[in-house]
Amino acid sequence: SERADARMWTSIRALKSSSVVNKSGSRTFSTSTAKNRQNVPSTPSKPFPDEPTGPSMKTSVPGPKSKELISQMDKHQDARTPHFFVDYQKSKGNYVVDADGNVMLDILCSIASHSIGYNAPALLNAARSDEWVTALVNRPATGIQPSTTWPGILDNGILSVAPKGLDQVFTAMCGTCANETAFKAVFMAHQKKVRGSTTPYTPEELSSCMKNEAPGTPDLRILSFKGGFHGRLFGSLSTTRSKALHKIDIPAFDWPQAEFPKLRYPLEQFKEENRREEDRCLDDVRRVLKENGGKVVGLIVEPIQGEGGDNYATPYFFQGLRKITKENDVAFIVDEVQTGVGATGKFWAHDHWNLSSPPDVVTFSKKMQAAGFYHSLDLRPREGYRNFNTWLGDPIRALQAGVIIKEVKENRLLENVEITGKYLKDGLVDLQKKYPDLVSNVRGVGTFLAFDLPAPEVQEKFLAKLRQTGVEATGSGTKSVRFRPMLIFAPTHAAQFLNIAEDALKSLNK
């Protein structure tokens with residue numbers, strides 16, 4: 001039975017997690033589920049085959065080999081940001097292996113981009129197929145010379161998980177590109193509506209746009225939120241409001257921003273206060289739209305502000321945004337680049353909202369490996385070549401997305417995320433109770449979780465301690481620790497993290 005299978009896989013994980021190996025002078029950290037974490041729940045997902053039993057550290061991080069590679073890279077490319085260099089051949093499942101042989105539990109996963117495990121068998125097997133080899137060595141200009149297999153790749157992959165009400169897709173290169181091209185689609189659709197779908201462009205429009213002047217270059221705007229992050233190209237950067245470092249020195253469009261709710265946690269304890277805060281922010285959206293006098297034609301929002309500090313809002317807030325955008329004829333753009341593809345326990349985070357009508361646009365990337373945006377037919381430009389580039393995505397990444405989607409469904413990974421997320425969140429709440437001077441504001445949905453530390457310098461010390469003891473992680477905002485594990489991250493992996501995190505908190509508490 002399925003329940004018996006689930007119990008069997010949990011038993012296998014428990015046996016694996018209890019082993020402690022110490023070879024060649026490496027520091028191998030116990031992954032035992034002790035420390036009051038005995039009741040590890042089962043999930044219906046099969047464990048990743050032959051992944052490491054837990055973290056194993058041979059050197060500090062970055063180690064000598066990574067430092068050597070950083071020096072080599074820095075001669076010709078900026079090398080100030082890598083944490084370490086990865087040995088992708090040796091990395092497996094939930095564990096990343098660096099150039100020095102350090103094995104770390106990865107809850108960063110290339111900034112939320114990996115989904116079904118390092119060297120996942122399903123992807124390795126697919127990569128050996130003739131279809132994948134052909135796509136790899138013959139990359140097409142998809143807009144003018146698409147492969148005969150392209151429609152089927154879309155139908156069987158990316159379009160098979162299209163959000164409700166959105167049956168069109170534009171494929172792009174990255175999350176930033178997805179948002180950037182979505183803005184273009186919104187602007188063109190608005191102007192088509194104003195002008196008329198068959199009305200020809202006037203000579204004045206055609207000549208003025210070549211000088212970046214009205215009427216051919218209209219003063220239209222996208223509304224975004226304080227704390228939001230939507231990318232680093234010109235249009236997307238104009239809507240990014242997370243860190244000044246991203247924006248300083250870069251010219252930007254004069255586009256408005258509105259307040260995003262600052263909620264108190266736990267949510268169930270502050271319902272009335274949080275409702276007032278969300279109403280305040282919805283009123284601010286109405287104010288901004290009114291002050292901009294019809295020039296705002298699109299509104300973009302993340303279901304959870306990831307880069308900006310893991311800032312949450314309840315379904316009530318997003319339902320209010322949908323109502324306001326409908327009333328004001330403003331396109332509702334949901335940026336699911338970081339939240340999409342199962343991280344919240346549903347394939348799309350906006351599925352938690354129970355909207356009265358679907359978003360107008362949903363952008364995606366990261367865990368999908370492919371990128372782009374879903375939309376309805378009315379956002380398709382009037383002419384070809386309007387939203388266009390040479391590659392229009394990458395067939396090999398679209399094939400990869402198809403395998404990931406199939407694995408999510410067949411291995412019941414959304415259920416795994418939901419069960420693991422609850423177990424991990426409960427464990428974080430326990431740590432918050434035990435170390436109230438350090439841990440606060442545990443929050444999140446699925447395994448898309450976060451908590452706060454007292455100050456930026458404490459965040460930095462905590463993350464450094466995690467990395468040196470076998471967990472690859474990063475922060476968000478100025479003092480949060482964020483969780484962006486893969487969909488195969490199971491309760492036993494969560495128990496490993498909780499044990500290592502508690503040791504790190506103890507060291508900070510001295």
Side-chain angles (χ1 to χ4, degrees), residues 172 174-195 201-202 204-262 280-302 305-309 311 313 317 320-321 324-335 337 359-361 363 373 375 379 381 386-387:
C174 64
T176 300
C177 309
N179 287 330
E180 196 94 356
T181 49
F183 296 164
K184 289 180 62 181
V186 165
F187 290 142
M188 289 185 283
H190 175 82
Q191 288 300 91
K192 180 172 66 174
K193 192 184 302 182
V194 170
R195 183 184 293 112
Y201 308 111
T202 67
E204 185 183 9
E205 287 175 321
L206 294 172
S207 62
S208 62
C209 75
M210 300 304 292
K211 296 181 284 185
N212 297 338
E213 296 175 354
T217 304
D219 182 9
L220 301 177
R221 302 167 188 179
I222 301 291
L223 170 61
S224 60
F225 290 88
K226 293 180 180 179
F229 181 88
H230 304 288
R232 303 171 193 256
L233 295 177
F234 278 94
S236 53
L237 188 60
S238 293
T239 58
T240 287
R241 316 282 184 173
S242 56
K243 293 178 182 176
L245 186 64
H246 301 327
K247 297 172 69 71
I248 190 74
D249 296 333
I250 312 298
F253 294 112
D254 185 17
W255 292 351
Q257 62 180 331
E259 296 282 348
F260 192 83
K262 295 179 175 64
R280 180 186 73 85
C281 294
L282 290 172
D283 285 341
D284 194 53
V285 171
R286 295 185 183 94
R287 175 192 63 78
V288 171
L289 293 178
K290 184 176 180 180
E291 289 180 356
N292 281 266
K295 294 179 179 179
V296 173
V297 298
L299 177 152
I300 187 166
V301 67
E302 300 162 272
Q305 290 187 333
E307 176 76 13
N311 305 317
F317 177 72
L321 291 182
I324 292 169
T325 53
K326 277 286 189 184
E327 291 171 349
N328 290 273
D329 195 22
V330 171
F332 188 32
I333 308 166
V334 178
D335 181 346
V337 168
D360 298 294
V361 175
T363 62
F373 66 90
H375 61 98
L379 262 73
R386 299 289 312 277
N387 232 352

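What's counted below: heavy atoms across the whole structure, side chains too, no hydrogens, waters or symmetry copies. Treat the numbers as computed from the prediction; the structure is a model and nothing was measured.
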Problem - Sequence-distant partners of K326, side-chain hydrogen bond (donor to acceptor under 3.5 Å, both in side chains), two or more places apart - result: none

Does [Y] offer a backbone N or O that forms a donor-acceptor pair with the side chain of [X] under 3.5 Å?
X: N179; Y: H230; answer: yes
X: E302; Y: D335; answer: no
X: T217; Y: A214; answer: no
X: K184; Y: R386; answer: yes
X: T240; Y: G231; answer: yes
X: S208; Y: G216; answer: yes

Problem - From R241, E259, Q305, Q257, residue fulfilling side-chain contact (heavy atoms from CB on, under 4.5 Å) relative to F225 - result: Q305

Completion exercise
Which of I333, V330, V301 passes side-chain contact (heavy atoms from CB on, under 4.5 Å) with T325? It is V330

Exercise for the section: Give the ring-plane orientation class for F373 versus H375, where under 30° counts as parallel, over 60° as perpendicular and anything between as tilted. Expected result: tilted

Exercise for the section: In plain terms, say whether D283 and R280 are close enough for a salt bridge, that is, a side-chain N and a carboxylate O under 4.0 Å apart. Expected result: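 Answer for the salt bridge query: no.
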
Exercise for the section: Just do the side chain to side chain contact (heavy atoms under 4.5 Å, CB included) check on F253 and I222 with the steps written out, would you? Expected result: CA-CA 9 Å; F253 294 112; I222 301 291; over 6 Å; no

So, taking the atom named [atom1] in [X] and the one named [atom2] in [Y], what distance separates them when rounded to the nearest 0.5 Å?
X: L299; Y: I324; atom1: CG; atom2: CD1; answer: 8.5 Å
X: K192; Y: F187; atom1: NZ; atom2: CZ; answer: 15.5 Å
X: K295; Y: H190; atom1: NZ; atom2: NE2; answer: 11.5 Å

Practice task
Not counting sequence neighbours, which residues clear ring pair (Phe, Tyr, Trp, His ring centres under 6.0 Å) with F332? List them please.
Solution key: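 Ring pair (Phe, Tyr, Trp, His ring centres under 6.0 Å) list for F332, sorted by chain: empty.
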
